[in-house]
2 protein chains.
Amino acid sequence: MTKPRKNAQILDQSTSVKSEHIRVPALQPNEHQGPDCRAVASVLSRVGDKWSVLVIMMLIDKPLRFNEMKRMIGGISQRMLTLTLRGLERDGLVTRTVFPTIPPRVDYELTDLGRGLALPVKALGQWAFEHRPEIEGAREAFDTRNGKG
Amino acid sequence: MTKPRKNAQILDQSTSVKSEHIRVPALQPNEHQGPDCRAVASVLSRVGDKWSVLVIMMLIDKPLRFNEMKRMIGGISQRMLTLTLRGLERDGLVTRTVFPTIPPRVDYELTDLGRGLALPVKALGQWAFEHRPEIEGAREAFDTRNGKG
DNA sequence: CTGTATCCGACGTGATACTG
DNA sequence: CAGTATCACGTCGGATACAG
């Protein structure tokens, strides 16, 4: 029973930002449920998002323009940068400021909310960095005894 | 039949745990790259994973058996629980203990590494919980001014 | 420069059936 | 009970072309 969303419309796959970004099914059991858990999950999914954290980290220092970020990241496509920024904007984590000049200029900047999120995310990132050897070692060990046991 | 997909190639889609769980492309630019960034990203992707965090949180209190967890989560399929647990095991975050009884019994338990990860994850979760209203408000506001101006 | 629209392959996820 | 195998299907994400 995959939740019936509002309406499964014609697969608007373009640059719109409609999905909740994670489809949390029906967690009905005992303790790990409720709307709270669902809301938390949707935030966590943003953290796990391929680009969002990277974008947030880049914006900590100072606001940036679209192509500045695109260049800094390097591997990202225009489409995904747009989608990522729209998602962050929708969640109130970044602001989008358009300067009606020619050529157009758009600045993206972290909100206070976004800066707040950056803190626990950085803590997590630091943990990941510090324990990187253990995790990679565990992976190799697992793959070895499991791949050619 | 709008999109006949005859190209359905036989992927190894079963319960193997091969991918690095995130496919970080070629980040070659200036500062947000290198193997470090890649490793951190793979950990973050696990946090963003649909079920991993939920499983970790459940295991904090005490070890659990396969079907105990399945029942507690409720919405998860057997396959995804298996895949999630295998991924966590591969990363050295949980241990898998088989008791060769009949019927078989398998306990899953957090490692020290897993318990360590739980801390920053909980901090992040708490942030998400506390700021849930702001995020949801921002989403509604965004959708309103963007969906029906 | 800053996007938006579209095509298409790859991957994630659930449902189901089967095994030890 | 604890998985594994297979299939179906939706979504993600890159490449490309086009627009303001």
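Chain letters run A, B, ... following the sequence lines, proteins first and then strands; every chain starts at 1.
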Quick check on [N]: is either OP1 or OP2 less than 4.0 Å from any side-chain nitrogen or oxygen of [X]?
{"X": "B:Lys50", "N": "C:dG14", "value": "yes"}
{"X": "A:Trp51", "N": "D:dC12", "value": "no"}
{"X": "B:Tyr108", "N": "D:dC1", "value": "no"}
{"X": "B:Arg96", "N": "D:dA2", "value": "no"}
{"X": "A:Arg79", "N": "D:dC12", "value": "no"}
{"X": "B:Arg105", "N": "D:dA2", "value": "no"}

Report the distance from atom [atom1] of [X] to atom [atom2] of [N], rounded to the nearest whole Å.
{"X": "A:Lys70", "N": "D:dA15", "atom1": "NZ", "atom2": "C1'", "value": "11 Å"}
{"X": "A:Leu83", "N": "C:dT4", "atom1": "CG", "atom2": "P", "value": "9 Å"}
{"X": "A:Asp107", "N": "C:dC1", "atom1": "CG", "atom2": "C1'", "value": "12 Å"}
{"X": "A:Arg46", "N": "D:dC12", "atom1": "CZ", "atom2": "C1'", "value": "14 Å"}
{"X": "A:Glu68", "N": "C:dG3", "atom1": "CD", "atom2": "P", "value": "13 Å"}
{"X": "A:Met69", "N": "C:dC1", "atom1": "CE", "atom2": "P", "value": "15 Å"}
{"X": "B:Glu89", "N": "D:dG3", "atom1": "CD", "atom2": "C1'", "value": "13 Å"}
{"X": "A:Leu85", "N": "C:dT2", "atom1": "CG", "atom2": "C1'", "value": "11 Å"}

Handout entry: With sequence neighbours excluded, residues passing side-chain contact (heavy atoms from CB on, under 4.5 Å) with A:Val53
Key = A:Val47, A:Met57, A:Val121, B:Leu44
Practice task
May I ask you to decide if B:Lys70's main-chain N or O and B:Asn67's side chain share a donor-acceptor pair within less than 3.5 Å?
Solution key: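 No, because the side chain of B:Asn67 does not come within donor-acceptor range (under 3.5 Å) of the backbone of B:Lys70.
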Looking at the side chain of [X], which of [options] is the nearest nucleotide?
{"X": "A:Phe66", "options": "C:dG14, C:dG3, D:dC1", "answer": "C:dG3"}
{"X": "B:Arg86", "options": "D:dC1, D:dT4, C:dG3", "answer": "D:dT4"}
{"X": "A:Thr82", "options": "C:dG3, D:dC1, D:dG14", "answer": "C:dG3"}
{"X": "B:Pro104", "options": "C:dG3, C:dG20, D:dG3", "answer": "C:dG20"}

Problem - Pair listing, ring-ring contact (aromatic ring centres under 6.0 Å, His included) test, anchored in residues 75-128 of chain B, at least two apart - result: B:Trp127-B:His131
Problem - Side-chain donor-acceptor pair present, B:Arg139, A:Ser42, cut-off under 3.5 Å - result: yes
Practice task
For the pair B:Asp112 and B:Arg115, find out whether any cationic side-chain nitrogen is under 4.0 Å from an anionic carboxylate oxygen.
Solution key: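 The answer is yes: the pair qualifies as a salt bridge.
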